[in-house]
Colleague: 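Okay, handing you the structure first.
Treat the numbers as computed from the prediction; the structure is a model and nothing was measured. Counting starts at 1 for both ligands and their atoms, following the listed order.
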Amino acid sequence: MRHVIDILDLSTEEIGGLLATAQDIIARPEAYSELCRGKKLATLFFEPSTRTRLSFEAAMYELGGNVLSVTGAATSSASKGESVADTAKVVSCYADIIAMRHPKEGAALVAANNASIPVINAGDGGHCHPTQTLADLLTILREKGRLGDLTVGLCGDLKFGRTVHSLINALSRYENVKFVLISPEELKLPSYVKDSVLKPRGIAYTQTSDLEGALPDLDLLYMTRVQKERFFNEEDYLRLKDSYILTPEKMRLARPDMCVLHPLPRVNEISVAIDNDPRACYFKQVLNGKYMRMALILMLLREAGKLPSAKKPAVRPLETV
Ligand code: CP
């Protein structure tokens with residue numbers, strides 16, 4: 001049974017295929033509107049979410065399927081002590097595919113090891129968020145026309161920001177991608193990401209706390225929220241939460257074609273005055289997430305033999321994918 005727990009569970013060829021399918025869905029939504037008729041997606045969200053849960057659910061509805069939903073541990077039998085493993089076995093009796101978010105790192109893998117249907121990790125603690133990365137990749141491709149030859153600034157909470165970890169893993173597989181890691185000392189990218197991804201693959205990266213200094217060189221700026229829910233100490237959170245605020249004044253330092261991404265939710269790190277700047281791409285990212293989740297649901301249901309196999313999408317991936 002095929003699951004997607006980490007973005008590295010997908011090869012670059014498969015990601016290229018998902019990008020092509022998503023672009024075809026954008027071009028011909030009616031061709032996809034009945035493909036999942038009679039199929040059920042279970043969204044098991046044991047941690048808050050707006051975008052990921054709703055976009056998975058919108059994705060399944062737009063494919064003609066149905067949705068079963070758990071929203072929060074308190075309203076499920078997790079509150080009575082049911083394990084993730086048992087939950088996965090139970091939900092496998094009702095649904096065809098699971099999207100799960102959980103506050104504990106590794107929970108999605110436990111679910112996958114016990115489910116008899118495909119499991120998609122919709123965020124596990126501070127670890128990974130592969131479908132956010134799929135949304136990010138489609139946005140980068142649509143905005144920049146390529147996934148290689150990019151200087152990518154990642155700014156904010158690089159320690160707990162699981163979207164950053166997944167995006168670094170994904171973009172490191174394309175040619176000539178350089179990273180500028182912009183964070184306070186306390187929120188630097190964990191060593192395990194540098195040691196397991198950047199260093200072995202020889203990826204160029206620099207670390208700095210100076211956003212203004214980094215801005216002029218960037219093709220993309222990926223802003224992130226300081227992850228309050230992962231802090232043990234409120235005092236530390238309050239001290240660090242406003243480390244970076246992107247303002248129109250700072251945007252004057254950036255290239256005219258720099259693209260600003262953010263996985264959202266935003267707290268204070270991007271001024272709303274930037275929302276109408278053509279370089280602000282974070283709401284486009286939200287919409288792209290739905291298309292990529294549609295493509296992923298289709299791929300996994302087909303591989304599980306729950307849907308007939310695909311015809312080749314009409315839209316070809318760009319050459320760089
Ligand atoms: N980007 C993201 O994961 O948003 P939600 O927490 O609202 O799902």
Colleague: With atoms numbered from 1 as shown, which atoms in ligand 1 lie under 4.0 angstrom from a non-hydrogen atom of T50?
Modeller: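 Those atoms are 5 (P), 7 (O), 8 (O).
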Colleague: Relative to the heavy atoms of T52, which atoms of ligand 1 are at a distance of less than 4.0 Å?
Modeller: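 Answer, ordered by atom number: 2 (C), 3 (O), 4 (O), 5 (P), 8 (O).
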Colleague: With sequence neighbours excluded, what pairs up with R239 under the side chain to side chain donor-acceptor pair (under 3.5 Å) test?
Modeller: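 R239: side chain to side chain donor-acceptor pair (under 3.5 Å) contacts with E186, D236.
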Colleague: Taking only heavy atoms of L264 into account, list the atoms of ligand 1 that are under 4.0 Å away from them.
Modeller: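 Numbered from 1, ligand 1 contributes 1 (N), 2 (C), 4 (O).
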Colleague: Can you pull the salt bridge (charged side-chain N to carboxylate O under 4.0 Å, His left out) pairs that have at least one residue in residues 158-168, sequence neighbours excluded?
Modeller: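 Residue pairs passing salt bridge (charged side-chain N to carboxylate O under 4.0 Å, His left out), neighbours aside: E47-R162.
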Colleague: Any N or O of P263 that comes nearer than 3.5 Å to an N or O of ligand 1?
Modeller: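 Min N/O separation from ligand 1 is below 3.5 Å for P263.
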Colleague: Evaluate side chain to side chain contact (heavy atoms under 4.5 Å, CB included) for T87 paired with F46, printing each intermediate quantity in order.
Modeller: CA-CA 12 Å; T87 303; F46 300 102; 4.3 Å; yes
Colleague: Compare all side-chain heavy atoms of R225 with those of P263 and state whether any distance is below 4.5 angstrom.
Modeller: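 A side-chain contact is absent here, since even the closest heavy-atom pair is not under 4.5 Å.
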Colleague: As a quick check of understanding, evaluate side chain to side chain donor-acceptor pair (under 3.5 Å) for T163 and Q132, giving each step before the final call.
Modeller: CA-CA 6 Å; T163 61; Q132 178 63 49; over 6 Å; no
Colleague: So, taking the atom named CD1 in I182 and the one named CG in L211, what distance separates them when rounded to the nearest 0.5 Å?
Modeller: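 So the CD1 of I182 and the CG of L211 are separated by 5.5 Å.
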Colleague: Answer with yes or no whether R101 contacts ligand 1, where contact means a heavy atom under 4.0 Å from a ligand atom.
Modeller: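 Heavy atoms of R101 do come under 4.0 Å of ligand 1.
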Colleague: Any idea which protein heavy atom is nearest atom 4 (O) of ligand 1, and the distance to it?
Modeller: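 Checked against all protein heavy atoms, atom 4 (O) of ligand 1 sits closest to R51 NE, 3.0 Å.
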Colleague: May I ask you to check if ligand 1 and R53 share an N or O to N or O distance below 3.5 Å?
Modeller: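 Checking ligand 1 against R53, no N or O pair falls under 3.5 Å apart.
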